[in-house]
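Values below: all heavy atoms of this structure, side chains included; hydrogens, waters and symmetry mates excluded.
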Amino acid sequence: MKGGEGLPRYHHRRGRRQKNLAQKSSRFRWLSVIIITVSLFGINFILYNPLLSSMDLKERLESARLSSVILDKNERVVTTLNPSRILWRPLKEIPLPLRDAVVAVEDSRFYHHRGIDIRGILRALVENFRQGERVQGGSTITQQLAKNLLLTQERTFRRKLAEIGYAVRIEGQFTKDQILEFYLNDIYFGRGVYGVEAAARIYFGRSVQELSLEQMALLAGLPKGPEFYSPFSHPKRALERRNTVLTIMARRGLITTTLQEELMARPLGTLQRPGVPTRGSYFADYVNEYLQNEFGWSERYIRDGGLRIFTPLDLTIQQRVEEIVNRLPEDGQEEQKPQIAMVVLDNKTGEIRAMLGGRSYRRSPLNRATTVRRQPGSAIKPVVFAAALMEGFQSDTQVWDEPVVYSINNEPWQPQNYDDRYRGPISLTTAIEESVNTVAVKLVADIGIDKVFNLAREMGLPLMEKGERNDMGLAPLALGGLTRGVTPLELATSYTSLANKGIRSDPVAVLKVEDRHGRLLRRGRSRQNRVLPEKVASTLTRMMENVLTKGTGVRGYPGRPAAGKTGTTSGNTNAWFVGYTPDILAALWLGNDDHSPLRIGEQTIGSSYAAELWGEFIRRTLADQPVKDFR
């Protein structure tokens with residue numbers, strides 16, 4: 001090659017490289033400008049966003065802690081009135097090892113950053129790049145709190161900036177301990193529960209203060225993936241996750257290596273099936289509605305006013321009531337059948353000791369104990385027999401069980417007995433213990449519809465007097481075919497007239513209400529009226545004892561003095577048992593929401609089964625109480 005032949009081509013390639021370098025340098029400068037601009041915009045958004053600066057974060061965050069709380073008769077916490085039913089625990093009541101474990105796993109530099117952990121973000125980026133997937137997050141506990149309480153769960157750059165902005169402002173308004181308290185009471189643990197107290201109850205059936213160290217480690221590991229690490233659905237994953245937390249605790253010096261190995265060898269120790277994080281949810285809704293109607297308070301004030309609502313509920317009895325659900329047969333369908341409702345009252349005062357409005361509040365918050373009316377069937381008959389005793393009948397008065405025909409709207413009507421037989425002459429006591437329909441109808445006809453109707457109303461039943469369809473008739477008053485029906489609470493209220501020697505006691509749901517500072521705001525009201533002579537109530541009680549010892553409710557005999565009455569409606573769509581001991585009164589209803597017959601497969605469910613559930617409840621509830629007699 002002659003000298004200088006390749007120079008033009010060389011210079012051409014060199015010029016092209018320089019041009020490319022210049023273009024790349026220009027693009028890099030523009031990219032740097034864009035990054036700096038976006039960063040400055042982000043910083044400005046975080047620090048000077050008018051939306052953030054105008055929002056009272058303190059009020060927003062503390063509203064959760066100030067949710068009103070319902071207390072039982074022994075001042076035990078029943079539940080809170082916030083929508084998630086969070087059971088708030090002050091930080092000092094949350095065990096220190098659990099606090100340390102959560103911080104170690106979720107945000108190890110929590111006490112060293114001011115809401116944003118740059119080091120943690122860089123560490124997460126490096127680890128995610130090394131793994132080729134997102135295995136770590138850079139969000140701090142404060143950022144998670146901001147996202148959970150104040151933002152949506154969408155993954156956008158704008159939402160991330162807002163999260164950071166809120167986190168910085170939260171750190172400026174609250175101490176680290178306050179932030180941790182908010183977080184531990186708000187974090188989601190799966191199974192629909194929030195907060196460490198509810199999580200302890202649903203997974204271990206105990207309070208957070210009663211957890212062992214390895215149980216605390218399990219809870220600390222759940223927020224990363226509550227469903228993925230669920231000990232109920234994935235016990236092997238849960239065990240591995242718990243042991244990972246124990247390893248982290250040992251690495252950070254929170255426990256010794258020896259203790260780590262000992263704890264890792266232990267089983268999960270969770271319940272066989274999810275526990276109940278809160279009890280009395282149906283009752284809580286009833287109290288909320290009562291306070292609105294009685295005192296004119298707004299629902300927001302009742303829920304978020306930091307009120308302490310003292311009630312006559314007994315948590316021990318409430319637990320016994322809710323355990324009855326486990327005895328019910330399942331139809332295997334999405335719509336649970338049968339449904340159940342139950343109310344337990346104090347005999348003498350009408351104070352509500354327990355309330356159940358359905359099988360599952362989470363699946364159906366409809367309160368069937370207070371808002372759904374059903375036909376009472378033969379459970380109305382004590383009203384008829386009370387009226388008979390007031391007219392001079394005695395418990396041993398002979399009455400005839402025989403075919404009888406009445407003219408109803410110019411049509412013949414013949415009442416039938418449930419067993420399709422007629423007994424001839426029987427005592428008044430036998431007539432109620434065997435729930436004889438013909439005798440009940442004849443008594444109403446002989447005494448007079450007006451008298452029985454008025455007594456039923458005085459005892460607390462919401463009967464209809466006027467209209468095209470009303471309860472001024474033989475069938476409604478004698479057999480319980482009421483126009484609107486009754487709720488379990490209304491039917492239980494009518495039975496207080498018998499259980500309390502003739503005095504009807506209206507239900508009492510609230511004893512008193514205090515504000516967050518302990519100042520008394522209102523007291524509950526007790527309303528009582530005598531509607532029966534004491535002798536009539538006592539005589540009828542003795543007659544109704546036979547229902548349980550040898551009558552239609554024999555399957556419900558609790559092994560101690562008790563009186564009650566079964567109730568079944570035509571088509572077998574409702575099954576009742578309402579009864580009482582010298583201590584408590586309970587009304588139990590079974591039925592389907594679609595009014596279909598009570599049948600699961602080949603099994604027919606009737607009032608005898610309702611009586612059986614009632615008797616089991618009484619036996620368990622009063623097991624440690626001395627046996628009392630009505631006399």
Side-chain angles (χ1 to χ4, degrees), residues 72 78-79 201-202 205 271-286 313-331 335-346 352-370 372 374 379 487-489 491-492 495 548 553-560 562 564-568 574-581 583-593 598 600 603-625:
D72 83 340
V78 177
T79 187
R201 296 189 185 190
I202 201 169
L271 298 173
Q272 291 295 318
R273 55 192 297 177
V276 180
T278 63
R279 299 195 181 276
S281 292
Y282 291 105
F283 177 71
D285 286 350
Y286 178 71
L313 197 84
D314 187 317
L315 264 180
T316 303
I317 298 178
Q318 181 67 34
Q319 179 177 347
R320 295 284 182 266
V321 167
E322 295 183 10
E323 288 170 350
I324 294 177
V325 174
N326 299 329
R327 285 282 316 277
L328 295 178
E330 292 275 2
D331 66 346
E335 181 183 0
Q336 293 180 305
K337 295 181 179 181
Q339 278 292 350
I340 184 174
M342 190 170 182
V343 173
V344 182
L345 304 178
D346 180 273
I352 300 174
R353 294 286 183 248
M355 178 180 289
L356 181 67
R359 294 179 72 129
S360 169
Y361 181 85
R362 182 170 58 86
R363 295 181 65 173
S364 175
L366 174 66
N367 193 343
R368 298 162 186 83
T370 62
V372 178
R374 292 297 189 99
T487 67
L489 183 59
L491 193 54
Y495 273 62
L548 284 159
V554 68
R555 286 173 60 181
Y557 180 59
R560 61 171 63 221
K565 185 68 188 74
T566 52
T568 306
N574 298 283
W576 296 84
F577 191 84
V578 187
Y580 51 94
T581 71
D583 300 290
I584 58 174
L585 182 156
L588 187 151
W589 166 85
L590 299 174
N592 296 324
D593 288 339
L598 282 163
I600 302 296
Q603 180 184 2
T604 298
I605 300 172
S607 59
S608 59
Y609 182 65
E612 181 181 325
L613 296 177
W614 181 92
E616 181 180 337
F617 161 74
I618 293 295
R619 282 192 296 273
R620 297 188 63 191
T621 301
L622 301 181
D624 58 349
Q625 300 295 317

For the residue pair Tyr361 / Asn367, report whether a side-chain donor-acceptor contact shorter than 3.5 Å exists. no
Closest approach of Val78 to Gly280 (non-hydrogen atoms, all atoms of both residues): CG1-CA, 4.3 Å
What pairs with Arg368 under salt bridge (charged side-chain N to carboxylate O under 4.0 Å, His left out), at least two apart in sequence or on another chain? Asp593
Going by distance alone, is a donor N or O of one side chain under 3.5 Å from an acceptor N or O of the other, for Arg555 and Ser608? yes
Quick check: are there more than 12 heavy atoms from other residues, nucleotides or ligands sitting under 6.0 Å from CD of Gln603? yes
Asp72 CG to Leu313 CG distance, which is reported to the nearest 0.5 Å: 6.5 Å
Distance, nearest 0.5 Å, that separates CZ of Arg620 from CD of Gln319: 8.0 Å
Backbone N/O of Leu590 and side chain of Trp576: donor-acceptor pair under 3.5 Å: no
Let me know which of Ile324, Ile340, Asn326 forms a side-chain contact (heavy atoms from CB on, under 4.5 Å) with Arg359. Ile340
With a 4.5 Å limit on heavy-atom distance, are the side chains of Met355 and Pro488 in contact? no
Spatial distance of atom CD1 (Ile317) from atom CG (Asp346) [nearest 0.5 Å]: 8.5 Å
Would you call Asp314 and Arg353 a salt bridge, using N to O less than 4.0 angstrom? no
What's the shortest heavy-atom distance between Thr79 and Ala284, and which atoms? CG2-CB, 3.7 Å
Measuring from Gln625:CD to Thr581:OG1, what's the distance to the nearest 0.5 Å? 9.5 Å
For Arg560, check salt bridge (charged side-chain N to carboxylate O under 4.0 Å, His left out) against everything at least two apart and list the hits. none
Shortest non-hydrogen contact from Pro338 toward Ile605: CG-CD1, 3.9 Å
Looking at side-chain heavy atoms only, is the closest gap between Pro558 and Trp614 below 4.5 Å? yes
Could you check if a side-chain atom of Thr370 sits within less than 4.5 angstrom of a side-chain atom of Thr487, using non-hydrogen atoms only? no
Hey, what do you get for CZ (Phe577) to CD (Glu612), rounding to the nearest 0.5 Å? 12.0 Å
side-chain contact (heavy atoms from CB on, under 4.5 Å) between Gln339 and Asn592: does it pass, once the steps are laid out? CA-CA 6 Å; Gln339 278 292 350; Asn592 296 324; 5.9 Å; no
Could you please spell out the steps behind the side-chain contact (heavy atoms from CB on, under 4.5 Å) verdict for Asp583 and Leu622? CA-CA 9 Å; Asp583 300 290; Leu622 301 181; 4.2 Å; yes
For the backbone of Ala610 and the side chain of Ser607, can you confirm whether one donor and one acceptor N or O come within less than 3.5 Å of each other? no
Interatomic distance, CG@Asn574 vs CZ@Arg374, rounded to 0.5 Å, equals 5.0 Å
In the structure I gave you, are the side-chain heavy atoms of Leu345 and Ile352 within less than 4.5 Å of one another anywhere? yes
Do Tyr286 and Leu489 touch side chain to side chain, with heavy atoms closer than 4.5 Å? yes
Please name the pair of heavy atoms, one in Leu548 and one in Gly564, separated by the smallest distance, quoted to 0.1 Å. CD1-N, 4.0 Å
Any side-chain heavy-atom pair from Val344 and Val321 closer than 4.5 angstrom? yes
Can you see which heavy atom on Leu315 is nearest to which on Arg279, and at what distance? CD2-CB, 4.2 Å
How about Val578 and Leu588: do any of their side-chain heavy atoms sit closer than 4.5 Å? no
Start with the C-alpha gap between Glu322 and Leu356, add the side-chain angles, then the distance that decides, and say whether side-chain contact (heavy atoms from CB on, under 4.5 Å) holds. CA-CA 7 Å; Glu322 295 183 10; Leu356 181 67; 4.1 Å; yes
Any side-chain heavy-atom pair of Leu598 and Thr568 under 4.5 Å: no
Checking Leu366 against Tyr282 for the side-chain contact (heavy atoms from CB on, under 4.5 Å) test, could you report, in this order, the C-alpha distance in whole Å, the side-chain angles of both residues, the deciding distance, and whether it holds? CA-CA 8 Å; Leu366 174 66; Tyr282 291 105; 5.9 Å; no
